[in-house]
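Every chain is numbered from 1, with letters handed out A, B, ... down the list of sequences.
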Amino acid sequence: MEIPKTFVPGEVENKWYSYWLSKNYFHSTPDDREAYTVVIPPPNVTGVLHMGHMLNNTIQDVLVRRARMLGKNACWVPGTDHASIATEAKVVQKLKLEGINKTDLTREEFLRHAFEWKDKHGGIILDQLKKLGASCDWERTHFTMDAEYSKSVIAVFIDLYKKGKIYRGVRMVNWDPEALTAVSDEEVLYKEVNSRLYHVRYKIEGSEDDWLTIATTRPETILGDTAICVHPEDLRYAHAVGKSVIVPISGRIVPVIADEYVDPTFGTGCLKITPAHDINDYELGKKFNLPSIDLFNENGTLNAHGLHYEGVDRFECRKRIASELQEKGYLVKTEDYINKVGFSERTNAVIEPKLSLQWFLSMKELAEPALVHVMNDDIKFFPDKFKNTYRHWMENVKDWCISRQLWWGHQIPAWYFGPGTNDFVVAETAVEAIEILKSKGIEKEVSQLTQDEDVLDTWFSSWLWPISVFNGITQPKNPEISYYYPTNDLVTAPEIMFFWVARMIIAGYEYLGDLPFKNVYYTGIVRDKLGRKMSKSLGNSPDPIDLINQFGADGVRMGILISSPAGNDLPFDTSQCEQGRNFANKIWNAYRLVSGWEVRAFEQPVHSKQAVTWFESKMNESLIAINSHFDKFRISDALMEIYKLIWDDFCSWYLEMIKPGYEQPIDSKTLEQTTQFFEKLMQLLHPFMPFITEELWHALTTRGESDDIIISNWPLIQTPDAHVLSSMSEVFEVISGIRNFRKTQNIAQKVKLSLVVVSDASNALDAVLVKMGNLSELKRQPSKIDGAHCFIVKGIEYYIPFGELIDVEGERNKILEEIKYTKGFLAAVQGKLSNERFVAGAPEQVVAVERQKEADALQKLALLESRLSALK
RNA sequence: GGGCAAUUAGCUCAGUUGGUUUAGAGCACUACCUCGACAAGGUAGGGGUCACUGGUUCGAGCCCAGUAUUGCCCA
């Protein structure tokens, strides 16, 4: 049968993926083996695969497949996140296209649309992962709004509320006065705009003519001022601290306070404090216990606190108040100023910081174990530089605002029975709420209760992911959670270290008293050639599925992993996938070569025997390195090691060594040993390139039932023979010397040469040298010869007789060049050795090495000089 | 503004407690090559005053201080 010249991935991939599924190899149930568990960072349910997912999930698959081969019970749990904000936005947009406004729908109607959308688009990304070869246990697919999962989210909310960790409080949110909703920080775009800085003076109360001048870009908020603040060490204003000033227009009396927050060099060094309309002012207000005066209506017009400006839009008011200040002599001056202003991503309205009532989780105590167990390496970070960032955040952890003004998500289980802010109880259902109320002596009916309108922050459900995918909250200590938890490795992006990783650690210790995972591997951001983050809006991200179609899943997997060390950004270019495809093709052709040989029973040639002995050691040497790279999560390095082992050592050296002449047969022993090497190489590569390796595993030999590479045993290490390895590397150098000679003298590879070695001792690998150097004879003798090209390897001289060689000049130049290099080298060594303090201060061994280098160089130099004069 | 990283070949990165040839790899580049597995290939080759300035040391890519640039996080 004719084997195609290039590897054709498409069919092979589909064939093996369905085969693996049919054999249920991805599915895991608890048993006696050691568990190896990975939970997928759940992508947004409506998302489609992008390059970031590609990187992230390929790494997970590599880890999972290798663990499976190491004999562990590997379990990779897939699933999706409901992603409240992103998904709700998509649904709202889709409805708008159909002419439906969210505000016209009831909550139930909206959710019905949302679930429809989810059912339609929810599976896409998971199907895409299958194309990539992801060996997820699909029977365990979870969604953060599944019934059981939601139950655990609500249970945790109720539990934390009972523990006194959840409270309601006022917080500054980003208010969009056009959409009439709060938006998340991620949805606020900051832009630089040209505005004006107004200098306004406030009279110190009780003084004749003593004023404090502040600078502000928002004079309309003067009506909400509740203090003036200066730096405590600012001598200009020291006399005013503790006194009060009169706010212009409103005439209210407010205190002058001192705090280091104020930058004395900015503006006038006096800062007006409006706690209701600026986040920093709000913090200061809390610190100094200042009142907050909320000036605005939800649509951005002024309310009753705006006095005669009531009902006027905030920007109109800014103009009018500026002129009133000027008329009344409060405006000292105005100047041009560039500042950053937040705009709503969706409506482009200027965001108004606004105080609102939200639910909070108090974090300080909860976060303590999560900090300790990362700092002491119970949970390891790769790379560990992220421990710093983590610590910084955890030591300054703020309370977590867990409520969102949305419908898509887990509705907060708080039931209001009256108009007051505290007229509520927290319970799983309204019926339970009634019971609780009854026990408090309040008689109510279900119809009299209203549930809190808000839903929980998405992360409030995803922080339970490693627990709730095994129902660890709703069914504590069930066999699955006991077996699979703690999970082993988490692969994720550093951007969500706080949103997600830290909180999973917190939840792990709070609810299971144990860490959620042992290692966290942080991937980088996938960037394009210009260094820009790949994103949909920029349109600079290739579609991973297109790439797979173009280069094969194996090729793409290799392309994305070949240069992505943990924690580093990955500048991606499709040429890397090309490299992956080329590699697959190289392997394919190695297989074509091996499979094409005719086998005969005859004695194994000496050079083949030597080749086998060497490659055995070489492979073990690489295996040691590969295992060690894996242990350190150096995935790219492990892949590179295998890449070089296969391409350079196996294909370029080993196969060339054992290759029979054209249409010559191979002996059965060598073929058998070669096939075994090939199998092992495929095993080492399998985690990275699962499809071609499974294909060749089966092509190399006839396999029994379930003899599949995916569940084969990872090769064991046998101690490499260091002597064989160093002898062979010497042979490689000699061969390179011969090739070099051929190159410079323009002698074709097929022309046989003879080689004279000035040495008595024979090398055990001479047969390989003869074959690979294409030598007609190899002579070892004690004396050097004339009229020959000479090169030196490890102090031994090698001569190739010239024959009718013409290019003496070229030969001379080569020698001169080498003399120049050796002299420079010698000078450096001798410089060291002539330094008395080096000889006295350095360890004996180091000095001895230097002396040896000097002796070698001197010998080489003498040799080169004599060669040169012989050429004259 | 505060904090944390990084800076080694054209690109992406190694360089393991300071001492194995005057720094390595992959890709890219250059030259030559139908060489009976593979031109998606082979062979050979070029390319770096390790960001800069000082310091410690017999010895610095590695340790220390400062400068510059870049990136990330927080405000």
- Query: Among all residues two or more places apart in sequence or in another chain, which pass the side-chain contact (heavy atoms from CB on, under 4.5 Å) test with A:Pro542?
  - Reply: A:Met51, A:Met534, A:Leu547, A:Phe572

- Kindly state which residues belonging to residues 592-600 of chain A come within less than 4.0 angstrom of RNA chain B, counting heavy atoms of the residue only, listed by number. A:Arg592, A:Leu593

- Task: Determine the contact category for A:Ala590: base if any of its heavy atoms lies under 4.0 Å from a base atom, sugar-phosphate if only primed atoms, P, OP1 or OP2 are that close, otherwise nothing.
- Result: base

- Query: Residues two or more places apart in sequence or in another chain: which of them pass side-chain contact (heavy atoms from CB on, under 4.5 Å) with A:Phe630?
  - Reply: A:Val62, A:Arg66, A:Ile626, A:Ile635, A:Ala638, A:Phe688, A:Trp714

- Message: At less than 4.0 Å, is any side-chain N or O atom of A:Lys860 found next to OP1 or OP2 of B:U21? Yes or no.
- Response: no

- Note on the structure: Of B:C38, B:C73, B:C27, the nucleotide closest to the side chain of A:Thr389 is B:C73

- Item | Under 4.0 Å protein heavy-atom contacts per nucleotide of nucleotides 13-20 of chain B, with B for base, S for backbone only and - for none | SSS---B-

- Note on the structure: Residues passing the salt bridge (Lys or Arg N to Asp or Glu O under 4.0 Å) test with A:Arg634, sequence neighbours excluded, are A:Asp637

- Task: Under 4.0 Å between any heavy atoms, over every strand shown, what does A:Tyr591 touch: base, sugar-phosphate, or nothing? Just pick one.
- Result: nothing

- Message: If the condition is salt bridge (Lys or Arg N to Asp or Glu O under 4.0 Å), which residues does A:Lys387 pass it with, not counting sequence neighbours?
- Response: A:Asp377

- Does A:Glu233 have any side-chain contact (heavy atoms from CB on, under 4.5 Å) partners at least two apart in sequence or in another chain, and if so, which? A:His231

- Item | For A:Asp649, all residues meeting side-chain hydrogen bond (donor to acceptor under 3.5 Å, both in side chains), sequence neighbours excluded | none

- Query: Is it true that A:Lys832 and A:Glu854 make a salt bridge, defined as a side-chain N closer than 4.0 Å to a carboxylate O?
  - Reply: no

- Item | Footprint string (nucleotides 41-46 of chain B, 5' to 3'): B base within contact, S backbone only, - free, heavy atoms under 4.0 Å | SSBSS-

- Task: Could you tell me the separation between the CD1 atom of A:Ile635 and the P atom of B:G26, rounded to a whole number of Å?
- Result: 20 Å

- Note on the structure: Of the candidates B:G26, B:C38, B:C4, the side chain of A:Asn388 sits closest to B:C4

Check: residues 768-776 of chain A side-chain donor-acceptor pairs under 3.5 Å, at least two apart:
residue	atom	partner	partner atom	Å
A:Lys771	NZ	A:Met657	O	3.0
A:Lys771	NZ	A:Lys659	O	2.4
A:Asn774	OD1	A:Lys752	NZ	2.9
A:Asn774	ND2	A:Gln749	O	2.7
A:Asn774	ND2	A:Lys750	O	3.3
A:Ser776	OG	A:Leu753	O	3.2

Please tabulate, for the side chains in residues 578-585 of chain A, all donor-acceptor contacts under 3.5 angstrom to protein atoms that are two or more places apart in sequence or on a different chain.
residue	atom	partner	partner atom	Å
A:Gln579	NE2	A:Tyr643	OH	3.4
A:Asn585	OD1	A:Phe7	N	3.0

- Message: Can you list everything that forms a side-chain hydrogen bond (donor to acceptor under 3.5 Å, both in side chains) with A:Gln664? Sequence neighbours excluded, please.
- Response: none

